[in-house]
Amino acid sequence: MATTRIAEAASSASRKRRIDLRSFAASYSTIAIFVVLVLVASFISTSFLSSRNIENVLRQVASTGVISMGMLLVILTGGIDLSVGSVAALGSITCASLLTSMSLWEAVPLSLAAGGAIGVISGYFVAVRRMPSFVVTLAGMTIARGIALIVSEGRPIFMSDNGAWLGDGFNRGSLLGIPLPVLLMLLVFGATAFVLRLTAYGRLIVAIGSNSEAVRLSGVRVTPRVFSVYVISGVLSALAGIIITARSGVGSPVVGIGTELDVIAAVVIGGASLMGGRGTALNTLIGVLTLGVIGNIMNLLNVPGYHQEVVKGVIILIAVLLQSSVWPRRA
């Protein structure tokens, strides 16, 4: 009898160690991969760790980082938003076009509202009508891109003098040495991390992705919360489009082509589950930075753009493979 109890205790301790190791790997593998990448990049190119190059990497990922926070919320509920790149183009075109006739402080909120409107449409059909998010947001992607092309007549729209601060003050400005676009990305990240960790809304978003039916049976209204994440994703995508417009000086209807893939890759590399219920803002941000570092390394090594797309695809597959080895597939 005593022997049986000892064996059971040893087995229980072994299972606990395996669970602890799995949780540790899931929590810190993303950070470890990023640190290794930075070390490798610093050996490959002596200019990688220069302040100018680091600032350039951060500026390049600012818009992707903003969109990724919205995508994370959607993925946590078990959904997907394929419209984010097209909504960024809509935000870019809307802002540039409105600046020809109104002030910056009027154009920016209206541009964010345009992105939010696409999110409202997606949220309604996904949350209320219970349609698959893949199909709904694929339609939203086409609609948003089409509107951007119609408004711009297929041509870039240059910002007028009304947008001078957006290009000069915001894009070139900095606070405490941090470029304002990067600071904006960090503010969005901070807000997302706060909501997910310290608010009932954030905890419910994660719970919905884990088991929406259990959340519903506990008396929580699931529909408005799922609806809200698509609206947030639309607004943040439009905000990213405005950041891109500030950097380039023009609103373009071809902004954001393929961005949805980069954003999904960043969230997955950050350890989030595409089935929902698992993911953090910090790991998603590190996933964004990881993609930025990889892109920067390949640029420093003069790797052609087409080859870079192949590398990104391989990285996504490896990330999903590592994720499936750390976390068992749900029954």
Side-chain angles (χ1 to χ4, degrees), residues 56-71 74 81-100 104 107-119 121-122 137-160 162-163 165-168 170-172 179-182 184-185 188 230 232-267 288 291-292 295 299 305-306 308-309 312:
N56 183 48
V57 171
L58 292 175
R59 284 182 177 275
Q60 286 179 341
V61 303
S63 57
T64 305
V66 169
I67 299 176
S68 295
M69 293 301 126
M71 181 68 81
V74 172
D81 189 353
L82 299 178
S83 67
V84 292
S86 297
V87 174
L90 179 61
S92 173
I93 283 295
T94 302
C95 183
S97 118
L98 290 177
L99 284 172
T100 61
L104 178 65
V108 168
L110 288 173
S111 301
L112 297 178
I118 300 296
I121 295 171
S122 297
T137 57
L138 184 62
M141 176 176 72
T142 306
I143 292 169
R145 184 74 64 182
I147 294 173
L149 289 166
I150 291 169
V151 171
S152 66
E153 297 181 345
R155 298 190 300 269
I157 300 176
F158 289 88
M159 285 196 301
S160 68
N162 292 337
W165 182 85
L166 197 61
D168 296 330
F170 174 74
N171 183 55
R172 295 190 178 93
L180 292 183
V182 178
L184 180 57
M185 177 188 70
V188 172
Y230 288 91
I232 293 170
S233 179
V235 171
L236 291 181
S237 297
L239 178 59
I242 295 172
I243 294 173
I244 295 170
T245 299
R247 185 174 184 179
S248 63
V250 298
S252 173
V254 297
V255 158
I257 293 179
T259 296
E260 58 277 351
L261 300 180
D262 290 339
V263 171
I264 293 171
V267 176
V288 171
L291 281 182
N299 286 332
Y306 298 138
Q308 293 186 22
E309 295 302 314
K312 285 181 183 178

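Worth saying up front: this structure is predicted, and the values here are computed from it rather than measured.
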Taking [X] for the side chain and [Y] for the main chain, is one N or O donor matched with an acceptor at less than 3.5 Å?
X: Arg145; Y: Pro253; result: yes
X: Thr100; Y: Ala96; result: no
X: Ser86; Y: Met141; result: yes
X: Arg247; Y: Pro181; result: no
X: Ser122; Y: Thr137; result: no

### Query
Looking just at side-chain N and O atoms, do Ser233 and Asp81 make a donor-acceptor pair shorter than 3.5 Å?
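Note: Ser233 and Asp81 side chains meet the donor-acceptor criterion.
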Which atom pair, heavy atoms only, marks the closest approach of [X] to [Y]?
X: Leu90; Y: Thr94; answer: O-OG1, 2.6 Å
X: Ile93; Y: Ser152; answer: CD1-CB, 3.5 Å
X: Ile257; Y: Val254; answer: CG1-O, 3.4 Å
X: Ile242; Y: Leu112; answer: CD1-CD2, 4.0 Å
X: Val87; Y: Gly234; answer: CG1-O, 3.4 Å

To the nearest 0.5 angstrom, please state how far the [atom1] atom of [X] sits from the [atom2] atom of [Y].
X: Leu184; Y: Leu180; atom1: CG; atom2: CG; result: 8.5 Å
X: Phe158; Y: Leu99; atom1: CZ; atom2: CG; result: 14.0 Å
X: Leu104; Y: Cys95; atom1: CG; atom2: SG; result: 6.5 Å
X: Glu260; Y: Ser237; atom1: CD; atom2: OG; result: 10.0 Å
X: Met185; Y: Leu239; atom1: CE; atom2: CG; result: 12.0 Å
X: Ile243; Y: Ser92; atom1: CD1; atom2: OG; result: 11.5 Å

### Message
By the definition side-chain contact (heavy atoms from CB on, under 4.5 Å), identify the one residue from Thr259, Thr64, Val255 that meets it with Ile244.
### Response
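The side-chain contact (heavy atoms from CB on, under 4.5 Å) with Ile244 is passed solely by Val255 among Thr259, Thr64, Val255.
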### Message
For a side chain to side chain contact (heavy atoms under 4.5 Å, CB included) check, start with the C-alpha distance between Leu236 and Ile67, then their side-chain angles and the critical distance, and finish with the verdict.
### Response
CA-CA 6 Å; Leu236 291 181; Ile67 299 176; 5.9 Å; no
